[in-house]
Trainee: 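Here's a structure for you.
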Amino acid sequence: MQIEDHNIISKEVIEGLKLLYLKSLHNFTEAAYNDIIKVFAKKNLSLYKVKKSLEKLTGLVPIFYDMCENSCICYTGIYESFQSCPLCHASRYDLTNKSKKVMPYLSIKKRLEIQYNNEVRAEELLYRHKYINNKDIDSEDLEDIFDGKIYKELLEINLFNDKRDIAFTISCDGYQIFKQKTDDCWAFLLINNNLDPSIRVKKENLIIPFLIPGPKQPKDFNTFLRPFVDEMKELESELIFFIINILMFFFYDFY
């Protein structure tokens with residue numbers, strides 16, 4: 001969807017969205033955003049309102065999954081109906097029956113739909129198909145992951161037949177957001193290998209479907225992976241406007 005279409009959104013929202021892009025690019029604070037919008041925009045549009053406008057435009061809204069307040073598990077799969085953590089026995093809900101902690105998840109499927117609906121981006125996502133078809137069949141040079149053994153083995157079992165099939169590299173690692181190093185957070189990161197290597201690892205092209213907010217290292221990581229795995233199965237089985245197979249190189253680092 002083109003944000004320049006003034007028939008869809010107002011000029012003020014467009015200004016807010018442009019500033020939101022700069023905020024994500026340069027990591028300035030919400031307070032700085034609000035100060036800038038007050039000075040330079042004709043209408044004061046809060047960061048909250050701009051984010052809500054973006055949600056409305058894209059249809060991309062996070063799903064929140066309950067998790068243990070000590071980061072032991074996410075209440076998915078066999079734990080979906082549990083009222084307390086089976087590992088540390090902490091209660092799932094507070095006294096107001098509200099979840100004590102949640103994990104946000106952003107749909108990969110929806111983000112791919114948005115990208116494929118953009119003609120320029122859809123063309124960029126054909127890199128894998130073009131690379132394979134333009135590669136000298138006798139060449140033994142390892143220039144990209146598609147020259148590797150794993151990808152070739154997947155071709156032998158009849159995967160990646162459609163030019164729009166997606167190959168992801170997955171990385172998961174812990175990080176600490178405070179200098180005191182008291183809380184561990186975990187980021188789950190996707191690299192879209194259907195993009196040219198020169199742009200695939202740029203910040204704006206990386207996909208983070210979920211973050212585990214800590215405070216501790218997850219004890220049952222598979223429960224946090226469940227929403228991602230379920231969506232991958234859905235994408236693999238659905239015959240929507242594109243077909244997807246997943247080539248996943250999984251880098252998973254616990255301290």
Side-chain angles (χ1 to χ4, degrees), residues 1-65 98 101-127 164 166 168 171 175-179 183 185-214 227-228 231 235 240-242:
M1 186 175 292
Q2 304 270 341
I3 68 169
E4 293 82 6
D5 191 340
H6 290 227
N7 294 320
I8 298 176
I9 53 178
S10 67
K11 183 178 180 180
E12 290 79 11
V13 172
I14 292 174
E15 290 176 348
L17 290 173
K18 288 179 178 178
L19 185 56
L20 180 61
Y21 170 72
L22 291 176
K23 181 183 183 304
S24 67
L25 197 64
H26 299 290
N27 297 315
F28 54 80
T29 65
E30 181 174 347
Y33 171 94
N34 289 328
D35 287 343
I36 294 170
I37 205 79
K38 287 177 184 177
V39 173
F40 293 101
K42 294 181 180 178
K43 183 179 179 181
N44 184 12
L45 200 62
S46 70
L47 182 60
Y48 173 81
K49 290 181 180 179
V50 171
K51 286 182 176 180
K52 286 299 179 182
S53 297
L54 186 61
E55 285 182 1
K56 186 177 180 181
L57 280 168
T58 62
L60 190 60
V61 180
I63 300 172
F64 295 96
Y65 291 89
K98 182 180 178 181
K101 184 163 287 191
V102 294
M103 178 190 76
Y105 183 87
L106 278 173
S107 171
I108 299 165
K109 174 182 173 179
K110 185 63 181 178
R111 280 185 274 186
L112 290 175
E113 287 178 346
I114 293 170
Q115 292 188 48
Y116 272 103
N117 280 330
N118 181 285
E119 291 184 7
V120 175
R121 187 57 156 192
E123 183 66 26
E124 290 178 338
L125 287 167
L126 292 176
Y127 163 79
R164 296 162 295 178
I166 303 292
F168 284 132
S171 175
Y175 66 97
Q176 293 167 329
I177 57 176
F178 301 113
K179 291 182 179 180
D183 286 29
C185 294
W186 292 80
F188 194 81
L189 178 71
L190 302 182
I191 299 172
N192 190 337
N193 297 303
N194 277 41
L195 296 172
D196 188 279
S198 64
I199 63 171
R200 70 172 59 146
V201 294
K202 288 187 175 182
K203 180 180 177 181
E204 61 268 24
N205 293 323
L206 300 175
I207 299 175
I208 298 179
F210 66 92
L211 294 170
I212 305 174
F228 170 76
E231 190 171 27
L235 283 169
I240 49 180
F241 68 93
F242 63 90

Trainee: Measure the spacing between NZ of K11 and CD of E15 and express it to the nearest 0.5 Å.
Mentor: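 Taking NZ in K11 and CD in E15, the distance rounds to 6.0 Å.
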
Trainee: Answer yes or no: is there a side-chain heavy-atom contact under 4.5 Å between V13 and L17?
Mentor: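 Sidechains of L17 and V13: in contact.
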
Trainee: Considering non-hydrogen atoms only, spot the tightest contact between P209 and L190 and give its length.
Mentor: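 Smallest heavy-atom distance, with atoms named: CD-CG, 4.1 Å.
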
Trainee: In Å and rounded to the nearest 0.5 Å, what is the OH to CD distance from Y116 to E123?
Mentor: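 Answer for the OH-CD pair, Y116 versus E123, is 11.0 Å.
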
Trainee: Kindly give the heavy-atom pair with the smallest separation between Y105 and P227, and that separation in Å.
Mentor: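 The answer is OH-O, 3.7 Å.
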
Trainee: Can you check whether K23 reaches L47 side chain to side chain, under 4.5 Å on heavy atoms?
Mentor: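 SC-SC contact between K23 and L47 confirmed.
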
Trainee: Quick one: closest heavy-atom pair of P62 and E55, and the distance?
Mentor: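 Taking P62 first and E55 second, the nearest heavy atoms are CD-OE2, 4.1 Å.
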
Trainee: Of all residues at least two apart in sequence or in a different chain, which pass the salt bridge (Lys or Arg N to Asp or Glu O under 4.0 Å) check with R111?
Mentor: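 Partners of R111 by the salt bridge (Lys or Arg N to Asp or Glu O under 4.0 Å) criterion come out as none, since no residue qualifies.
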
Trainee: Find the distance between OG1 (T29) and CG (D35) and round it off to the nearest 0.5 Å.
Mentor: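 Answer rounded to 0.5 Å: 7.5 Å.
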
Trainee: Which class fits the ring pair F188 and F210: parallel under 30°, tilted 30 to 60°, perpendicular over 60°?
Mentor: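 Geometry flag for F210 against F188: parallel rings.
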
Trainee: Between atom CG of L235 and atom CD1 of I166, what is the distance when rounded to the nearest 0.5 Å?
Mentor: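 Those atoms lie 9.5 Å apart.
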
Trainee: Is any side-chain heavy atom of L211 closer than 4.5 Å to one of C185?
Mentor: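 Side-chain contact under 4.5 Å: no.
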
Trainee: For the pair E231 (side chain) and I108 (backbone), establish whether a donor and an acceptor sit closer than 3.5 Å, ignoring hydrogens and angles.
Mentor: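 Yes; judged by distance alone, with no hydrogens or angles, the pair exists.
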
Trainee: Quick one: are N192 and L112 in side-chain contact, heavy atoms under 4.5 Å?
Mentor: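 Answer yes - side chains close enough.
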
Trainee: Find out whether F28 and L19 are in side-chain contact, i.e. whether some heavy atom of one side chain is under 4.5 Å from a heavy atom of the other.
Mentor: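 Side-chain contact under 4.5 Å: yes.
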
Trainee: Table please: side-chain donor-acceptor pairs of residues 200-207 below 3.5 Å, with sequence neighbours left out.
Mentor:
| unit_1 | atom_1 | unit_2 | atom_2 | d |
| --- | --- | --- | --- | --- |
| R200 | NE | L195 | O | 3.0 |
| R200 | NH1 | D144 | OD1 | 3.0 |
| R200 | NH2 | D144 | OD2 | 3.0 |
| R200 | NH2 | N193 | O | 3.1 |
| R200 | NH2 | L195 | O | 3.0 |
| K203 | NZ | S24 | O | 2.3 |
| K203 | NZ | N27 | OD1 | 3.4 |
| N205 | OD1 | R121 | NH1 | 3.2 |
| N205 | OD1 | R121 | NH2 | 2.6 |
| N205 | ND2 | I199 | O | 2.6 |

